[in-house]
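This report refers to the structure that appears directly beneath it.
All values derive from a computational prediction rather than experimental measurement.
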Amino acid sequence: MRRRSAGVVSEVVVLVGFDCDCPRIQYGVSGGQEHLHHTVLGVMERITDLLLRAGAGHTYFLNGGFLELARHLGTEARLAAVLDADPVEAGDHGYSHRPYVPVAGRPDYRPLDVTEIELELQLTRRLLERVCPRPAVGVRTPLGHPGGLREHDTITESLKRQGVRYVSSDLRDPDSRPHAALVDGSGAARQPYRYRNGLLEMPSHGHHDSHFERAARAAPDRADVRRQAYEHYRRLIEDAATLAVGRDHPVYVGLVLHPSSIAWYDPDCRVLDRLVGVGGGDGPVPVTFMSYRAGAEHSARRRTTPHPTRP
């Protein structure tokens with residue numbers, strides 16, 4: 001779905017991010033967890049193979065507990081091979097998978113305090129260094145929050161002190177559901193922005209694909225779930241392309257995908273293959289798939305606005 005139209009200034013940039021948080025060491029090391037770990041690694045290998053063949057960069061936001069399990073099971077070499085190519089980014093997805101601020105409707109997740117956030121950043125960074133020589137500069141906060149880290153200056157200052165260049169935390173709709181829209185209730189496009197200290201936020205759009213995992217677990221026909229997933233993301237990208245027409249700057253679309261969910265609804269990665277493959281006709285603007293790091297750098301070269309304040 002990478003499309004090019006001559007003479008067009010605007011474009012759509014699709015940020016392809018995979019949250020790797022299941023299974024993790026906190027779940028134990030039973031045979032079932034080991035089997036799931038190898039299944040998820042196999043999905044990651046297929047993802048990277050097809051996306052690199054398509055020339056599409058992407059990000060694996062790796063949880064420290066996931067990395068600990070890989071170390072315990074002796075699969076770090078396989079993981080390192082997945083992360084070896086430069087267009088593939090390794091980002092931070094916490095260690096415990098606890099959120100940074102409270103999440104409505106999830107009292108089972110006690111948020112981290114700032115000291116714990118810094119400790120988890122340091123611990124996960126050390127584990128990431130074992131499998132990827134390139135430093136992690138981006139953080140996907142576990143679970144995410146409506147409006148990101150607005151009004152949490154202490155946290156954004158802490159992230160900046162730890163060398164984080166961008167954070168992806170604005171991942172939920174105003175009702176705290178994981179279905180953040182491309183355009184908010186006021187009609188404004190939800191796009192990258194800077195916090196007061198200059199830290200860059202890269203928000204997400206559309207369903208987190210855990211939605212399709214739940215559907216696949218309950219559906220007698222997983223092919224139908226795959227069709228739903230493909231149509232959802234196709235429409236999201238086409239809506240972004242329509243929004244981009246006539247603009248002098250890109251429209252960014254952030255995806256929150258999970259290899260453990262893909263293992264349920266699309267183990268052969270057909271949805272991704274169709275999205276990034278050639279075909280589907282010419283769109284009104286070019287569409288490019290890239291990692292969150294590349295998207296953050298791309299955005300930073302453009303004008304990014306401070307986060308709007310709460311009325």
Side-chain angles (χ1 to χ4, degrees), residues 16-54 56-98 120 123-134 136 140 142-143 208-219 222-223 225-226 229 255-276 291-292:
V16 188
F18 302 92
D19 294 5
C20 303
D21 49 43
C22 180
R24 50 187 185 268
I25 196 75
Q26 294 92 331
Y27 295 161
V29 293
S30 67
Q33 293 301 309
E34 181 173 0
H35 175 74
L36 179 58
H37 176 77
H38 285 286
T39 298
V40 169
L41 270 180
V43 169
M44 293 171 69
E45 288 165 343
R46 287 190 287 279
I47 287 169
T48 290
D49 179 63
L50 78 87
L51 290 181
L52 290 184
R53 281 191 284 107
H58 50 289
T59 301
Y60 290 109
F61 292 104
L62 294 144
N63 176 268
F66 181 91
L67 293 165
E68 284 275 25
L69 186 58
R71 183 170 68 165
H72 178 83
L73 296 176
T75 59
E76 286 183 310
R78 283 181 68 187
L79 189 54
V82 168
L83 302 172
D84 184 58
D86 186 55
V88 182
E89 178 193 10
D92 183 300
H93 191 42
Y95 182 89
S96 65
H97 204 252
R98 284 164 51 196
E120 290 207 2
L123 179 55
T124 302
R125 184 175 298 157
R126 293 192 189 102
L127 291 165
L128 282 168
E129 289 170 353
R130 295 174 58 92
V131 294
C132 184
R134 299 181 299 280
R140 173 97 84 192
L143 302 182
H208 297 189
D209 72 344
S210 49
H211 168 85
F212 298 112
E213 175 187 345
R214 289 190 294 273
R217 286 176 179 266
R222 293 185 184 178
V225 178
R226 283 196 300 274
L255 303 183
V256 179
L257 307 170
H258 298 79
S260 57
S261 294
I262 292 171
W264 272 96
Y265 72 87
D266 188 27
D268 295 325
C269 303
R270 298 177 190 177
V271 172
L272 281 169
D273 200 15
R274 290 182 69 189
L275 284 174
V276 303
S291 69
Y292 271 73

Gap between atom [atom2] of [Y] and atom [atom1] of [X] - 0.5 Å precision:
| X | Y | atom1 | atom2 | result |
| --- | --- | --- | --- | --- |
| Asp49 | Glu45 | CG | CD | 9.5 Å |
| Cys132 | Glu76 | SG | CD | 12.5 Å |
| Phe212 | Asp266 | CZ | CG | 11.0 Å |
| Leu67 | His72 | CG | NE2 | 14.5 Å |
| Ile47 | Leu52 | CD1 | CG | 11.5 Å |

Q: State whether Arg134 and Asp86 are salt-bridged, where the test is any N-O pair (Lys NZ or Arg NE/NH1/NH2 against Asp/Glu carboxylate O) under 4.0 Å.
A: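 A salt bridge is present here (some side-chain N lies under 4.0 Å from a carboxylate O).
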
Excluding sequence neighbours, so at least two apart, what forms salt bridge (charged side-chain N to carboxylate O under 4.0 Å, His left out) with [X]?
| X | answer |
| --- | --- |
| Arg98 | Glu116 |
| Asp84 | none |
| Arg217 | Glu213 |

Answer whether the closest heavy-atom distance between the side chains of [X] and [Y] falls below 4.5 Å.
| X | Y | value |
| --- | --- | --- |
| Val225 | Trp264 | no |
| Thr124 | Asn63 | no |
| Val40 | Phe66 | yes |
| Tyr60 | Val16 | no |
| Leu79 | Leu62 | yes |
| Thr59 | Phe18 | no |
| Leu272 | Leu257 | yes |

Q. Hey, what's the ring geometry for Phe61 with Tyr292, parallel, tilted or perpendicular (30° and 60° as the breaks)?
A.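 Plane angle over 60°, so perpendicular.
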
Minimum heavy-atom separation for [X] and [Y], please, with both atom names.
| X | Y | result |
| --- | --- | --- |
| Leu127 | Gly64 | CD1-O, 3.5 Å |
| Gly94 | Pro142 | CA-CG, 4.4 Å |
| Leu69 | Gly28 | CD1-O, 4.2 Å |
| Leu83 | Val131 | CD1-CG2, 3.8 Å |
| Val43 | Pro259 | CG1-O, 3.8 Å |
| Cys269 | Leu50 | CB-CD2, 3.4 Å |

Under a plain distance cut-off of 3.5 Å, with no hydrogens placed, do [Y] and [X] share a side-chain donor-acceptor pair?
| X | Y | answer |
| --- | --- | --- |
| Ser96 | Glu120 | yes |
| Asp209 | Tyr265 | yes |
| Ser210 | His258 | no |

**Q.** Listed once per pair and sorted, the salt bridge (Lys or Arg N to Asp or Glu O under 4.0 Å) pairs that draw on residues 59-73, sequence neighbours left out
**A.**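 Checked against salt bridge (Lys or Arg N to Asp or Glu O under 4.0 Å) - neighbours excluded - the pairs reaching residues 59-73 are Glu68-Arg71.
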
Q) Which salt bridge (Lys or Arg N to Asp or Glu O under 4.0 Å) pairs, counting each pair once, include a residue from residues 18-33, with sequence neighbours left out? A)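 Every salt bridge (Lys or Arg N to Asp or Glu O under 4.0 Å) pair that includes a residue of residues 18-33, provided the two are not neighbours, is Asp19-Arg140.
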
Q. Do side-chain atoms of Gln26 reach the backbone of His97 as a donor and acceptor pair under 3.5 angstrom?
A.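 Not at all, since once roles are kept as given, no pair shorter than 3.5 Å links the two residues.
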
Q | Under 3.5 Å: donor-acceptor pair, side chain of Arg46, backbone of Pro267 | A |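 Looks like yes, one N/O pair under 3.5 Å.
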
Q) So does Arg270 have more than 12 non-hydrogen atoms from other groups sitting under 6.0 Å from CZ? A)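 At most 12 heavy atoms, drawn from other residues, nucleotides or ligands, come within 6.0 Å of this atom.
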
Let me check something: any side-chain donor-acceptor pairs from residues 32-39 under 3.5 Å, sequence neighbours excluded? List them with distances.
unit_1	atom_1	unit_2	atom_2	d
His37	NE2	Thr75	OG1	2.7
His38	ND1	Arg78	NH1	3.1
Thr39	OG1	His35	O	2.9

